[in-house]
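Quick one: the structure is below, questions incoming.
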Protein chains: 2
Amino acid sequence: MTGRGDSTEVTRQVPCESCPLRQMPAFREFEKPELAFVSSFKRGELAVDKGATLLSEGSNSAHLFTVLSGWGFRYKLLEDGRRQILNYVLPGDMIGLQGSLMGEMQHSVEALSPMLLCMFERDRLMALYRDYPGLAYDITWIAAREERMLDEALLSIGRRSALERAAYLLAFIASRARKVGMNGKGKVDIPITQQHVADTLGLSLVHTNKTIRKLIDRKLVQWRDGGCTVLDIDGLMALADWGGLAEQVRPLL
Amino acid sequence: MTGRGDSTEVTRQVPCESCPLRQMPAFREFEKPELAFVSSFKRGELAVDKGATLLSEGSNSAHLFTVLSGWGFRYKLLEDGRRQILNYVLPGDMIGLQGSLMGEMQHSVEALSPMLLCMFERDRLMALYRDYPGLAYDITWIAAREERMLDEALLSIGRRSALERAAYLLAFIASRARKVGMNGKGKVDIPITQQHVADTLGLSLVHTNKTIRKLIDRKLVQWRDGGCTVLDIDGLMALADWGGLAEQVRPLL
DNA sequence: CGTTAGATTGAGCTCGCTCAACCAGTGTGG
DNA sequence: CCACACTGGTTGAGCGAGCTCAATCTAACG
């Protein structure tokens, strides 16, 4: 809630039962009581602008969020300002779990676009674990999913070439976006700058630009309006030697 | 249980109540009933040799492990054989959680030394969630801890120089080892080869060797008997600009 | 029309890579 | 006891992917 962008806390309470995300096939069907609890667990909604810092390293947020719409990213900084983007957050993703469980946040989260978020009370997490073991299991599942994504990212940064890394990253983000319906006729628009890509891949901005240019020349992606349009996910996947998301239906809190 | 090394399954059943690890100050005190459940959750012990593959990518292990003694590492491979080590596992760490929750393993785990492991039945995880919310919470906590370690690793590989990376890695491993009592008079011995370090840092073997040499020249570490001895953790931390483990007491299943 | 954010391009450098030996310790079979 | 092989560490030489520095360009915006 610090940071450049504005943020507005609303109590609009779109009930979870009619959450548009929940209808998507990517998400597991919830039982009635579970759904009711989640709905009661929800404390309100938060709308933030692009550029807003949702959570920041070192802070002790009392909240846990689920993204309803918009894009964001998690990152860490070194003392001297070097930035590493750890992962991106999309609709349906949970934010702040690490902080809720372990106290202090060890990374920050920033909005890449205007975002709408569900807010949950950290304090009620215990009640969830006590009364809804199925949901508790789901939360662990969500943590394990994040771990998997990080494993892949590590493999990519550690062992792939710049071109492979870029291809992997864009294919990965586009695949996730597609799963939550953010694709217009095969194409996926990702609101990131080349600086974001550089800070995700561990490359310099200049080299990232030259690398992305190769992807553009191969007609795998486009770059325009300060964002990326993925044209050929399969082409990117082949280039990166990546098998794609192994993802089943997942829970949505 | 595939792989080069031998493995022996034992039913020796050292009861959890008298587990030597559990006495360490690094681990949380458990309630009597929790402890009893964990003990009943335990199905046996597994002893493996150095080099044994405990779990492998693509498999569907029915087990979940906690390390009682010894060292191991998690890794992923690219089709062409490039290997990325994701993290190391030490006594008290849990192995196979991702696989237990999500089905198929997406990484492998290999022993760096002879290891002794507690074996748990994957099927009983649900019962744990149902009957012991505190333990369920602990498991999520453990997953979040792994996530934190990966965040740090990503920052390191992505944004630190080779020398900083090496310093970070060895300081990190030595710190964790120290927490579980694996330190003789200030020094910590880590049973890894330079090839392991290279595959963790995303560097070539040759460059890793030259980088480690600098650490040796600065008297921060020693290298001998096919292993590493960390002499000066604080020196390594300073070199890497790393603040150290932010770790509280943690649960031990 | 000046300013700013983001993309682009060229030039030169350097960190980390590959290739190729070589060395030391250890274990094995004859 | 020696010859041989094997693992893991060490070192030098030359190369190249990715870096920094420094401009330039474009579009959006006030």
Side-chain angles (χ1 to χ4, degrees), chain A residues 4-5 49-51 73 78 80-85 110-113 156-167 169-170 189-217 221-229 239, chain B residues 4-5 49-51 73 78 80-85 110-113 156-167 169-170 189-217 221-229 239:
Chain A
R4 288 165 287 153
D49 282 349
K50 163 176 165 170
F73 63 95
L78 244 24
D80 63 6
R82 282 175 283 180
R83 177 176 75 171
Q84 177 64 38
I85 295 183
E110 183 177 321
L112 273 172
S113 72
S156 202
I157 297 204
R159 287 302 176 204
R160 280 192 248 249
S161 70
L163 189 63
E164 291 170 330
R165 270 184 241 186
L169 176 66
L170 297 174
D189 283 311
I190 310 173
I192 48 175
T193 67
Q194 298 192 355
Q195 183 67 66
H196 291 118
V197 176
D199 286 351
T200 310
L201 303 183
L203 298 172
S204 73
L205 178 57
V206 172
H207 194 66
T208 298
N209 177 279
K210 287 167 183 167
T211 303
I212 288 176
R213 183 118 298 279
K214 289 181 191 167
L215 296 180
I216 295 172
D217 291 344
V221 305
Q222 277 176 0
W223 216 271
R224 56 177 182 192
D225 309 329
C228 169
T229 303
L239 181 51
Chain B
R4 287 164 286 154
D49 281 350
K50 162 175 168 172
F73 63 94
L78 245 22
D80 64 5
R82 283 175 281 179
R83 178 176 73 170
Q84 177 64 41
I85 295 183
E110 183 177 321
L112 274 171
S113 71
S156 201
I157 296 204
R159 289 301 177 206
R160 280 192 249 248
S161 70
L163 189 62
E164 290 170 331
R165 271 184 241 184
L169 176 66
L170 297 174
D189 283 310
I190 309 173
I192 49 175
T193 67
Q194 298 192 353
Q195 183 68 64
H196 292 118
V197 175
D199 286 351
T200 311
L201 302 183
L203 298 171
S204 72
L205 178 57
V206 173
H207 195 66
T208 298
N209 176 279
K210 287 168 183 168
T211 303
I212 288 176
R213 183 119 298 281
K214 289 180 191 166
L215 297 180
I216 295 172
D217 291 344
V221 304
Q222 278 177 359
W223 216 271
R224 54 178 183 191
D225 309 328
C228 169
T229 303
L239 181 52

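Since the structure is predicted, the reported quantities are computational estimates derived from the model, not experimental observations. Lettering follows sequence order; numbering is per chain, from 1. Side chains are part of it too, since the values below use all heavy atoms of this structure and drop only hydrogens, waters and symmetry mates.
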### Query
Is there a side-chain contact between I157(B) and L201(B) (heavy atoms, below 4.5 Å)?
no
Sort me out a list of protein N/O and nucleotides 14-18 of chain D N/O pairs below 3.5 Å, or just none if empty.
| residue | atom | partner | partner atom | Å |
| --- | --- | --- | --- | --- |
| dG18(D) | OP1 | A162(A) | N | 3.3 |
| dG18(D) | OP2 | H207(A) | NE2 | 3.2 |
| dG18(D) | O5' | H207(A) | NE2 | 3.4 |

### Task
Could you list the residues that satisfy side-chain hydrogen bond (donor to acceptor under 3.5 Å, both in side chains) with S113(B), not counting sequence neighbours?
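side-chain hydrogen bond (donor to acceptor under 3.5 Å, both in side chains) check on S113(B) returns nothing, list empty.
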### Task
Go through the structure and list residues passing side-chain hydrogen bond (donor to acceptor under 3.5 Å, both in side chains) with D225(B), not counting sequence neighbours.
none
### Query
Can you tell me if Q84(A) uses its side chain to pair, donor with acceptor, with the backbone of T200(A) under 3.5 Å?
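Checking the backbone N and O of T200(A) against the side chain of Q84(A), a donor-acceptor pair under 3.5 Å is found.
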### Task
Considering non-hydrogen atoms only, spot the tightest contact between L112(A) and F73(A) and give its length.
CG-CD2, 3.6 Å
### Query
Do D80(A) side-chain atoms and R82(A) backbone N/O form a donor-acceptor pair below 3.5 Å?
yes
### Query
By salt bridge (Lys or Arg N to Asp or Glu O under 4.0 Å), which residues pair with R160(A), not counting sequence neighbours?
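For R160(A) there are no salt bridge (Lys or Arg N to Asp or Glu O under 4.0 Å) partners, ignoring immediate neighbours.
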### Query
Who passes side-chain contact (heavy atoms from CB on, under 4.5 Å) against S161(A), sequence neighbours left out?
L163(A), E164(A)
### Closest non-hydrogen atom pair between V221(A) and L170(A), with its separation
CG1-CD1, 4.0 Å
What pairs of nitrogen or oxygen atoms, one from the protein and one from nucleotides 20-28 of chain C, lie under 3.5 Å apart?
none

### Query
Heavy-atom distance under 4.5 Å between the side chains of T193(A) and W223(A), does that happen here?
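Not in contact.
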## Note on the structure
The bend of the helix from dC1(C)-dG30(D) to dG30(C)-dC1(D), taken between the axes of its five terminal pairs at each end and rounded to 10°, is 30°
Check nucleotides 2-7 of chain C against the protein and report each pair of N or O atoms closer than 3.5 Å, with its distance, or say if there are none.
| residue | atom | partner | partner atom | Å |
| --- | --- | --- | --- | --- |
| dA7(C) | OP1 | Q194(A) | N | 3.4 |
| dA7(C) | OP1 | W223(A) | NE1 | 2.8 |
| dA7(C) | OP2 | Q194(A) | N | 3.0 |

### Query
salt bridge (Lys or Arg N to Asp or Glu O under 4.0 Å) with D199(A): which residues, sequence neighbours excluded?
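Testing D199(A) for salt bridge (Lys or Arg N to Asp or Glu O under 4.0 Å), a comparison that skips the adjacent residues, returns R83(A), R159(B).
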### Task
Whole angstrom is fine here: how far is it from CZ in R82(B) over to C1' in dT18(C)?
15 Å
Would you be so kind as to tabulate the donor-acceptor pairs closer than 3.5 Å made by side chains of residues 206-217 of chain A, with sequence neighbours excluded?
| residue | atom | partner | partner atom | Å |
| --- | --- | --- | --- | --- |
| T208(A) | OG1 | S204(A) | O | 2.7 |
| N209(A) | ND2 | Q194(A) | OE1 | 2.8 |
| T211(A) | OG1 | H207(A) | O | 2.8 |

